[in-house]
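Letters A, B, ... mirror the listed sequences (proteins, then strands); counts begin at 1.
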Amino acid sequence: LNREDAERVLFSIKERIDQAVEIPIGVMDALSMRRFATVVGDSNPIYHDQKAARKAGYPDIIAHPNYLSAVLVWEPGPPEDELRVDGTVLDETVPSKGFRRMGGGQRLQLISPVVPGDQIRMERRIIKGSLKEAKTGILIIVETEKKYLNQENQVRTICYETLLIR
Amino acid sequence: MGNLSFHNLTVGDEITSLTKTPTNVQLFRFSAITWNAHRIHYDKDFAKFEGYPDILVQAHLHGSFLSEMIVDWLEDKGVLKEIEWQNRKYAIVGETLTCKARVKEKYLNDDQQFAILELLEQSAQGNSIAIGKATVQLFY
């Protein structure tokens, strides 16, 4: 990534700042929520057992705190021949075609727990873009926000992610 | 640490650690349930082509382990409000990872009790795999 490319990419990223994209995720089901906790290896009964969850003060089992944000693609996703060579989905929400992208960390705000029957939608937006001269060359740092809400507009989780483009 | 409460908690206290050794099956199932088709997490040949010795543990699985440790420690005496983490070094399948946390700060906000934890996930060789921070609310 040379400076000219970096400034061009950053310009198109900045043009999209605060443009919210809404993605309907759908109804949360107990089976998928339990499966996620099972795969993590987390046997805490609040994720698996309705009685235990109620005893802990929840109306039903709740989703593992990382569930909503860990799912990378909530849409069906493209057919296999439209994936990148490395298997990832070409996601141009943050325009960066042709450059290498890396995760730079995430922060989750756990506002309220997800319960079965929640009809979740995600609002995704870019909140900041900047350039950094690193030892290895120029980096573009992009910060995004994914807000997950239910059918009553209750915010369940907000995920802030940092993406590095080089 | 005795009974967990805001009063009993002291800056510098370590919480109960959590050890995990991700397997091939766990990484495959995590990729499946998170709809993550990135080949470095299940295709050893591709991971090697990318320069790694084996398939890699997913960033969100590291975060999920850290959350598990905190929620287990809190039991019914508090709730996890916020967690952040950054991966510092990759971890491969079969590596034993230990999640640890230490109380960095505690504070009151509108009469509600909070503590901030410093998080670390370490390999058996002592490498920092992930670092982070969490905020918990304590009920007692």
Side-chain angles (χ1 to χ4, degrees), chain A residues 31-47 52-53 55-58 62-78 80 82-89 100-113 157-162 164, chain B residues 18-23 25-43 46-47 49-50 58-77 79-88 90 97 130-137 139:
Chain A
L31 174 62
S32 301
M33 289 163 54
R34 287 190 178 106
R35 277 185 174 168
F36 182 84
T38 300
V39 168
V40 170
D42 194 331
S43 58
N44 193 322
I46 56 174
Y47 308 134
K55 197 175 169 193
Y58 301 109
I62 61 169
H64 188 284
N66 295 63
Y67 178 47
L68 283 178
S69 61
V71 176
L72 293 195
V73 182
W74 278 104
E75 305 96 317
E80 186 177 329
E82 289 176 22
L83 293 173
R84 291 175 164 182
V85 174
D86 65 3
T88 57
V89 175
R100 192 165 183 197
R101 297 155 59 123
M102 289 174 299
Q106 41 275 307
R107 175 165 63 96
L108 308 183
Q109 286 184 337
L110 305 160
I111 310 293
S112 56
T157 301
I158 305 173
C159 174
Y160 297 95
E161 282 183 308
T162 304
L164 309 175
Chain B
L18 175 75
T19 297
K20 296 277 190 172
T21 306
T23 63
V25 172
Q26 184 174 32
L27 297 192
F28 165 76
R29 295 210 298 181
F30 194 80
S31 281
I33 199 153
T34 59
W35 210 231
N36 178 356
H38 199 172
R39 290 167 65 185
I40 57 170
H41 300 304
Y42 56 87
D43 181 341
F46 189 81
F49 172 74
E50 292 266 302
Q58 296 89 342
H60 283 275
L61 187 53
H62 293 296
S64 300
F65 291 159
L66 291 166
S67 294
E68 180 182 345
M69 168 185 63
I70 298 163
V71 176
D72 282 355
W73 169 68
L74 287 168
E75 297 180 335
D76 57 355
K77 299 176 183 70
V79 65
L80 175 61
K81 301 297 286 183
E82 188 167 316
I83 180 166
E84 62 181 89
W85 73 99
Q86 289 179 312
N87 293 96
R88 287 301 166 116
Y90 64 80
L97 305 169
I131 59 167
K133 193 170 88 171
T135 303
V136 298
Q137 183 181 358
F139 299 145

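Only the side chain of E161(A) comes within contact range of chain B, judged by heavy atoms closer than 4.5 Å. For P45(A), no part sits under 4.5 Å from any heavy atom of chain B, backbone or side chain. Residue contact with chain A, scored on non-hydrogen atoms closer than 4.5 Å, involves the side chain of K20(B) exclusively. Both the backbone and the side chain of L108(A) come within contact range of chain B, judged by heavy atoms closer than 4.5 Å. Using a 4.5 Å cut-off between heavy atoms, L61(B) contacts chain A through its side chain alone, with no backbone atom that close. For chain A, the nearby parts of F30(B) are the backbone and the side chain; heavy atoms of each come within less than 4.5 Å.
Judged purely by atom type and a 3.5 angstrom limit, W35(B) uses its side chain to pair as donor or acceptor with the backbone of P76(A).
Ranked by heavy-atom pairs under 4.5 Å with chain A, the list H41(B), K81(B), E50(B) is led by K81(B). Looking only at heavy-atom pairs under 4.5 Å with chain B, the residue among D86(A), I46(A), V71(A) that has the most is D86(A). If you tally non-hydrogen atom pairs under 4.5 Å between each of A37(A), A56(A), S32(A), G41(A) and chain B, the highest count goes to G41(A). When each of G77(A), G104(A), G87(A) is checked for heavy-atom pairs under 4.5 Å with chain B, G87(A) comes out on top.
Inter-residue side-chain proximity for V85(A) and F49(B) is flagged as unmet; no heavy-atom pair is nearer than 4.5 Å. Contact of the Q106(A) side chain with the N87(B) side chain is registered, since non-hydrogen atoms from C-beta on lie closer than 4.5 Å.
Here CG of N66(A) is found 6.0 Å from CD1 of I83(B). Values are rounded to the nearest 0.5 Å. Here the straight-line distance linking atom CD of Q109(A) with atom CD of E84(B) works out to 10.0 Å at 0.5 Å rounding. Rounding to the nearest 0.5 Å places OG1 of T157(A) at 11.5 Å from CD of E82(B).
Shortest non-hydrogen contact noted between L72(A) and H60(B) is CD2-CD2, 4.2 Å. Nearest heavy atoms, H38(B) versus T88(A): CG-CG2, 3.4 Å. I33(B) and R35(A) make their closest contact through CD1-CB, 3.3 Å (heavy atoms, listed as atom of the first residue, atom of the second, distance). Between E68(B) and D42(A), the shortest heavy-atom contact is CG-OD2, 3.1 Å.
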Check the pair H64(A) / V71(B) against side chain to side chain contact (heavy atoms under 4.5 Å, CB included), numbers first and verdict last. CA-CA 10 Å; H64(A) 188 284; V71(B) 176; over 6 Å; no

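In this view, Y160(A) satisfies the ring pair (Phe, Tyr, Trp, His ring centres under 6.0 Å) rule with no residue, not counting sequence neighbours.
Annotation: F28(B), atom CZ; neighbour count of heavy atoms from other residues, nucleotides and ligands within 6.0 Å does not exceed 12. By the 6.0 Å contact criterion, NZ on K77(B) is enclosed, its count of non-hydrogen atoms from other residues, nucleotides or ligands being greater than 12.
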